[in-house]
S.K.: 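Below are the structure tokens for one structure; questions will follow.
Labels below follow one simple rule: chain letters A, B, ... track the order of the sequence lines, proteins then strands, and each chain is numbered from 1.
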Amino acid sequence: MSEPLKIVVADDEQDVRDYFCRMLPHLGHAVAGVASNGRELIELCRDRRPDVIISDVRMPEMDGDVALRQICAEQPTPFILVTAHSKSLEPVDGLFPGCRWLFLTKPIKRRDLQRAIESVSPRRQSLD
Amino acid sequence: MDVLQLYQRLQSYVGWTDDDARRMARIAARVEACLPELIDDFYRELVRHPDALRVVTGGPAQLARLRASLADWLRQLTEGQYDAAYVAKRWQIGLRHAQIGLGKAYTAAAMARLRSGLMGRLSADLSDPAIADAHGVPPGEAMATLLALNKLLDLDLMLIADAYEAERLWRETEAERQKGERRFRMLVEAAACMVTILRADGTIVYFSPYTAEMTGYASEAVLGANFLELLVPPESRKSVLGAVAETLAGRPARACETAVVRRDGVLRWWVWNGQQLDDYLGEPAVLVVGQDWTERRQDQERLLRAERLAAIGQMIAGLAHESRNALQRIQSCSEMLELEIGDRSEPLRLLRRIQEAQDTLLRLFDDVRGYSAPIQLELARGDVSAAWREAWQSLERERRHRQAVLRERVDGVDLQVEMDRFRLVQVFRNLLENSLAACTDPVEVVVTARETAWGEESALELEVRDNGPGLTPTARQVVFEPFFTTKTKGTGLGMAIAHRIVDAHGGTLAVGAHEGPGAAFVMTLPRAVR
């Protein structure tokens, strides 16, 4: 297994936040912070400087994609956007400049999560 | 008023009495005696008048017959029976003269000549007391007898005049009728709609040129044939016959939709109105005025499906979004639970079952979304057999441990069409998968290809028939409706999606004919997608 990554997660559902807190350590990573909306996510990222961010799209106060655009502008960070829309958006160049990112459609399973983390991981980037 | 009644009124008008009838009877022999001379004189005069003579077209033989008729006509005057038969016969003779076109003035002139001949001869005879006495004409009755004859001949003239009038009226009515019919034909034959006239049982008595053009049957060839047997599929005949009967009963059929099979076997849809005709060529009939509605009907069906799909799509999008959030929570909790359970096998087995149920739910959402989303075709020309072979190949897992064969009957038919191969594979896969599910071993599915027509263009018809139990009457009706399924597992969207895909190719997918074993589906694909 690769080096543990510092991961910040954001979701408005308690069950899902609990899941990340339980599953990510199980996959060998550290949960650096948990947010329940976009604003909290921005604050957390400024504070914790995570390796990877996992965020829901639709959240109260501020959506995940809006928060991530701001985060990418301040400190480009790889991230995974989780959406309930069955049709995932194609990653558009320039939407999140300088960031490695991808979409996952709910419900996500452990192995999808694992693959997604590996695929956006900064470690992988350095190996390219 | 009938002719006898008229005659009796005229008799009363001219003061005809029973005594007059007896007077006529007394002079029968005298009239008989002067017939040859009278008739000779009549025809001698006739031949001098070309306008009168032109109606005698049969030469000496006809003249001989006419002389005999004239003799009978004159004899009847003195027979003393002025009843219905007498009146009818003399009226008919008048009518005949009118019909052959003898000017009415000539009948009067001819009558005047006969009258003066008869009167001259009789007045001479009766002025001789010996002759008068021999015939039982009492002294002083000679004048009354001549006046009676005069009245009788006048009555005949009146009958002739009435017959001429009747003939004139008939001619006028007939001319008016013919004018009306010419107008009707002109209108009907110029109109770009189908016009036919039917009897109550569906017998065709008129078939407009446009109808002929649209059905492929020549107008003259179908007169007397039965419209229903010729053009209407058996299942629709009863309703058409009903609409015809309603129209004849004074409730005109309006906007009736009927399937009509053209001579080349292509099914079209007509929408038509019926109008009662009290008298067409002597009998009641129904005027049927129709339009070919096929394209608009197909458009309507498409529109209806599109609207329904849009509504389903919208609903599903909302439902799917919320459900995916819920499914995510189930997924999250299940996976956490799995970590808690460790390697205890029974709880793990139960957890897997929850997982499977969740996957089924997810697949259902994807299918519904796939069904309701617009279909974008990626078209290329190719051999359509490649699509059904690929579909059969992809069912390898379903065919494992089964006795199942796919046969092809394509006998030199051109299988090239413009198609989205991936989508057509999906169609064949759905059809073949259903056959495998419905049939017991040994399974035999036959794909038969035929050339057919799509409007004016060439098309390919493919029949996929299995040897299973076939479709129930209900299934035949609703097999393409979304969520209809006979399987215990399945979303019931496979055939609905297949129908949509073929529809997107501009073709049709329909349940095949009842004949033969198993279930059959017929796909018609235009060679080029419009």
Side-chain angles (χ1 to χ4, degrees), chain A residues 1 4 7-31 34-38 54-61 63-65 80-90 102-117, chain B residues 309-344 347-348 350-376 378 482 491 493 497:
Chain A
M1 196 183 284
I7 301 178
V8 164
V9 296
D11 200 298
D12 57 334
E13 293 277 0
Q14 182 67 47
D15 289 336
V16 181
R17 292 199 296 270
D18 288 352
Y19 169 70
F20 287 129
C21 291
R22 183 81 170 82
M23 194 51 70
L24 289 173
H26 186 78
L27 294 176
H29 303 294
V31 178
V34 179
S36 58
N37 63 51
I54 301 175
S55 173
D56 190 11
V57 175
R58 184 64 50 91
M59 288 186 292
E61 291 190 48
D63 282 348
D65 56 331
I80 297 162
L81 261 179
V82 181
T83 169
H85 284 287
S86 46
K87 192 179 172 192
S88 57
L89 298 170
E90 292 299 319
L102 55 78
F103 261 117
L104 277 187
T105 304
K106 290 180 182 180
I108 48 173
K109 296 182 177 178
R110 181 165 48 182
R111 58 165 191 279
D112 302 327
L113 185 63
Q114 194 166 5
R115 278 193 204 127
I117 294 169
Chain B
L309 283 177
I312 294 176
Q314 216 166 19
M315 190 184 73
I316 288 299
L319 189 66
H321 183 263
E322 282 320 300
S323 304
R324 279 175 187 276
N325 279 324
L327 285 170
Q328 178 63 65
R329 286 158 58 199
I330 298 173
Q331 181 72 32
S332 301
C333 295
S334 303
E335 287 191 12
M336 288 191 283
L337 189 59
E338 194 182 341
L339 295 180
E340 298 298 327
I341 289 169
D343 54 4
R344 282 179 288 163
L348 270 181
L350 291 174
L351 205 57
R352 298 249 152 75
R353 281 167 62 178
I354 294 176
Q355 186 71 60
E356 278 169 21
Q358 194 193 318
D359 289 346
T360 304
L361 200 57
L362 200 58
R363 213 166 32 244
L364 176 64
F365 281 128
D366 282 343
D367 276 359
V368 177
R369 193 172 53 85
Y371 171 69
S372 57
I375 293 181
Q376 304 287 341
E378 285 178 29
T491 57
L493 286 169
I497 292 172

S.K.: B:Gln355: what forms a side-chain hydrogen bond (donor to acceptor under 3.5 Å, both in side chains) with it, not counting sequence neighbours?
M.R.: B:Gln331

S.K.: Evaluate the criterion side chain to side chain contact (heavy atoms under 4.5 Å, CB included) for residue pair A:Leu81 and A:Leu104; output intermediate values, then yes/no.
M.R.: CA-CA 6 Å; A:Leu81 261 179; A:Leu104 277 187; over 6 Å; no

S.K.: Which answer fits B:Ile330, side chain, backbone, both or neither, if we ask what part of it has an atom under 4.5 Å from a heavy atom of chain A?
M.R.: neither

S.K.: Does anything in residues 352-362 of chain B pair up under salt bridge (Lys or Arg N to Asp or Glu O under 4.0 Å), and if so which pairs, sequence neighbours excluded?
M.R.: A:Lys109-B:Asp359

S.K.: For the candidates B:Leu327, B:Leu339, B:Leu362, which exhibits the highest count of non-hydrogen atom pairs separated by less than 4.5 Å from chain A?
M.R.: B:Leu339

S.K.: Listed by chain and number, what are the side-chain hydrogen bond (donor to acceptor under 3.5 Å, both in side chains) partners of A:Asp63, not counting sequence neighbours?
M.R.: none

S.K.: Please determine whether side chain to side chain contact (heavy atoms under 4.5 Å, CB included) holds for the pair A:Ile117 and A:Ile7, giving the CA-CA distance in whole Å, both sets of side-chain angles, and the decisive distance to 0.1 Å.
M.R.: CA-CA 10 Å; A:Ile117 294 169; A:Ile7 301 178; 4.1 Å; yes

S.K.: What residue, out of B:Glu338, B:Glu322, B:Glu340, has the most heavy-atom pairs lying under 4.5 Å from chain A?
M.R.: B:Glu340

S.K.: Is B:Gln358 close to chain A through its backbone or its side chain, or both, or neither, when contacts mean heavy atoms under 4.5 Å?
M.R.: side chain

S.K.: Any chance CD of B:Gln376 has more than 12 other-residue heavy atoms, nucleotides or ligands included, within less than 6.0 Å?
M.R.: no

S.K.: By number, which residues in residues 11-18 of chain A have some heavy atom less than 4.5 Å away from chain B?
M.R.: A:Glu13, A:Asp15, A:Val16, A:Asp18

S.K.: Using the side chain to side chain contact (heavy atoms under 4.5 Å, CB included) rule, take A:Leu113 and A:Tyr19 through it: C-alpha gap first, then chi angles, then the decisive distance, then the call.
M.R.: CA-CA 11 Å; A:Leu113 185 63; A:Tyr19 169 70; 4.3 Å; yes

S.K.: Take A:Ile54 and A:Phe20, measure what side chain to side chain contact (heavy atoms under 4.5 Å, CB included) needs, and give me the verdict at the end.
M.R.: CA-CA 9 Å; A:Ile54 301 175; A:Phe20 287 129; 3.7 Å; yes

